[in-house]
Amino acid sequence: MEGQQLSSGAVVRILYVEDDPANKALVHKLLVNAGYQVLEASDGIEGINMAQAEHPDLILMDMNMPGLDGYEATTRIKAIADLASIPVIAITANAIDGDRERSLVAGCDGYISKPIDVGTFVATVTSYVSGKQEVLEDSAKNGYLKEYNRRLVEKLELKVRELMDMNAQLEKRVEVKIKELESAQDQLLQSEKMASIGQLAAGVAHEINNPVGYINSNIGTLKRYVEDLFRMLSAYEGVEPSLPQQQRDPVVALKKEIDLNFLKEDIAQLVNESIEGVTRVRQIVQDLKDFSHVDEAEWQWANLHRGIDSTLNIVNNELKYKADVVKEYGDLPDVECIASQLNQVFMNMLVNAAHAIESRGTITVRTGKQGDDWVWAKIMDTGNGIPPDKIKRIFEPFFTTKPVGKGTGLGLSLSYSIVQKHHGRIEVESEAGKGTTFTVWLPVTQAEAKAGR
Ligand SMILES: Nc1ncnc2c1ncn2[C@@H]1O[C@H](COP(=O)(O)OP(=O)(O)O)[C@@H](O)[C@H]1O
Ligand SMILES: [Mg+2]
């Protein structure tokens with residue numbers, strides 16, 4: 001067969017880079033038969049070296065080769081200045097992974113599909129050699145590049161969406177974690193506050209307890225003495241008319257001067273007020289002691305209704321002018337508790353309820369159980385409610401909205417620590433102007449709590 005020649009008359013030399021011996025043999029035969037001179041290399045590196053040494057007129061490049069593959073080899077050849085103009089034709093299986101687009105991106109000037117079509121192969125090579133294929137290739141190249149880019153963009157979009165989803169999930173998880181941390185910190189702060197206030201309270205209670213004790217007993221004695229003195233005075237007054245004028249006049253004058261009648265009345269009032277005051281101080285000291293659990297009482301199985309009833313009796317004075325008390329008791333099992341302490345919880349809630357009612361209202365005490373393990377007691381009032389900005393603070397020690405003398409702000413913090421000690425919890429619902437409901441939840445038995453904690 002006549003040799004394939006360039007316009008200069010030289011024989012056209014084609015470098016074929018291919019690792020597969022069968023393909024190599026086939027192509028070699030086809031090209032040689034068509035009159036081309038064939039140079040051969042078996043991998044990318046050898047291909048580059050051969051190209052540099054031989055400056056072939058055309059390179060046929062298998063894309064998938066072990067070691068340095070056709071893509072990388074093409075890119076390197078195109079980067080070498082005096083090789084860049086040599087057309088590199090990729091021999092690729094387009095079906096796989098967009099090989100054709102990739103080869104164009106790598107710098108190939110055209111492609112021939114694998115497996116090689118024996119009928120058209122030589123004609124295609126010849127058209128590349130004569131440059132006819134080039135025009136066609138440029139627009140085709142654009143099309144493929146576009147398609148390649150489109151797929152790339154699609155993949156990127158997918159990845160971006162995945163990343164955004166992952167990011168959103170992460171953000172959510174971070175949010176949840178932050179909330180958990182915040183509430184843990186709140187609890188920690190709360191219990192730390194309780195602990196330090198508790199110590200302080202125990203100290204203060206201890207210090208005040210003795211002096212208040214003797215003031216209380218002294219005032220009691222003083223009251224009796226004063227009453228005795230008044231009785232004595234009355235006896236003297238009885239004999240006053242029988243005194244001779246001379247002795248009676250200065251006595252009458254003195255009585256007038258010191259305003260004895262007013263004095264008698266006022267002394268009684270002063271003593272009574274002092275007793276009231278001391279009683280209040282003792283109550284506060286008692287509250288402080290209870291708050292710090294100085295007087296530890298015994299755990300026992302007790303009936304909550306009995307406790308609530310006796311508490312209602314004790315606070316009846318405070319409640320009766322303010323509210324009608326409605327009892328809606330459910331069927332409750334006995335509860336393992338420190339009854340005296342629970343009574344204090346109920347007492348404080350009942351008194352708070354009465355305080356919240358301005359003229360007249362209703363206090364409802366409702367009880368019930370949930371399953372066999374939990375009981376609850378609700379103290380509901382129709383009072384003025386707790387504003388949302390205050391509700392977070394009501395369990396804080398010394399938080400009170402009541403005037404000095406009426407509230408210590410210890411009731412609910414004490415209740416909180418008592419219920420916590422029982423491994424229960426307190427819930428509050430309140431609506432301004434409508435009323436408030438406190439729910440005390442208690443486990444029936446402490447066994448699990450003791451074992452678990
Ligand atoms: N039933 C209630 N209705 C409205 N406010 C309440 C009620 N119970 C408690 N509070 C609010 O919580 C505060 C704290 O209560 P507490 O700890 O018992 O202290 P104190 O009764 O001495 O003020 C009260 O001052 C009051 O503002
Ligand atoms: Mg109170």
Side-chain angles (χ1 to χ4, degrees), residues 189-191 193-194 196-198 200-201 204-205 208 276-277 279-293 308 311-312 314-328 340-367 376-421 424-441:
L189 273 179
Q190 182 75 358
S191 56
K193 221 189 269 174
M194 294 284 185
S196 56
I197 297 285
L200 188 81
V204 171
I208 295 178
E276 247 182 64
T279 309
R280 205 145 74 202
V281 173
R282 287 183 59 187
Q283 185 56 51
I284 294 171
V285 170
Q286 190 57 46
D287 280 352
L288 286 169
K289 276 166 86 181
D290 292 337
F291 177 69
S292 54
H293 303 303
I308 295 173
T311 307
L312 276 169
I314 293 168
V315 293
N316 189 36
N317 257 334
E318 298 238 22
L319 306 188
K320 65 184 176 195
Y321 302 110
K322 285 298 197 63
D324 302 312
V325 177
V326 178
K327 294 196 269 190
E328 296 173 1
S340 61
Q341 293 191 351
L342 287 188
N343 292 348
Q344 282 192 6
V345 174
F346 298 130
M347 180 188 292
N348 182 57
M349 287 181 180
L350 289 165
V351 171
N352 280 349
H355 283 167
I357 293 168
E358 247 165 67
S359 48
R360 190 154 190 93
T362 307
I363 296 173
T364 306
V365 184
R366 190 178 293 164
T367 63
W376 50 262
K378 284 179 192 289
I379 315 284
M380 309 152 88
D381 66 62
T382 56
N384 46 22
I386 308 170
D389 59 316
K390 302 259 164 63
I391 207 156
K392 275 181 87 172
R393 301 195 55 201
I394 57 173
F395 293 104
E396 280 178 23
F398 301 112
F399 175 80
T400 181
T401 55
K402 293 168 191 174
V404 180
K406 205 168 188 198
T408 60
L410 285 174
L412 282 179
S413 64
L414 173 62
S415 304
Y416 180 94
S417 61
I418 290 175
V419 172
Q420 201 178 38
K421 187 170 159 184
R425 62 180 193 276
I426 301 176
E427 289 169 1
V428 205
E429 281 167 77
S430 192
E431 199 176 329
K434 287 224 164 145
T436 304
T437 298
F438 280 89
T439 309
V440 179
W441 285 89

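Position 1 is the first residue of the sequence; numbering continues from there. Numbering of ligands and ligand atoms starts at 1, following listing order.
Annotation: atom 14 (C) of ligand 1 to nearest protein heavy atom, Phe399 O, 3.3 Å. What sits closest to atom 5 (N) of ligand 1 on the protein, heavy atoms only, is Ile386 CG1, 3.3 Å. At the shortest separation from atom 18 (O) of ligand 1 among protein heavy atoms lies Asn352 ND2, 2.8 Å. Nearest protein heavy-atom neighbour of atom 25 (O) of ligand 1: Thr401 N, 2.9 Å. Ranking protein heavy atoms by distance to atom 21 (O) of ligand 1, first place goes to Lys402 NZ, 2.6 Å.
The aromatic rings of Tyr416 and Phe395 sit tilted relative to each other, their planes meeting at an angle between 30° and 60°.
Contact annotation for Asp381 and ligand 1: only side-chain heavy atoms (C-beta onward) come within less than 4.0 Å of the ligand. At a heavy-atom distance under 4.0 Å, no atom of Leu414 approaches ligand 1. Under 4.0 Å from ligand 1, the heavy atoms of Phe438 that appear belong solely to its side chain.
Within the protein, the N, O or S atoms lying under 2.8 Å from the Mg ion (ligand 2) are Asn348 OD1, Asn352 OD1.
Between Ala356 and ligand 1, not a single N/O pair is under 3.5 Å apart. Inclusion of Asn348 in the set of residues having an N or O under 3.5 Å from an N or O of ligand 1 is warranted. Residue Asn384 places no N or O, backbone or side chain, under 3.5 Å from any N or O of ligand 1.
Within the 4.0 Å heavy-atom shell around ligand 1 one does not find Gly383.
Listed by number with element, the atoms of ligand 1 under 4.0 Å from a non-hydrogen atom of Ile394 are 11 (C), 12 (O), 14 (C), 17 (O).
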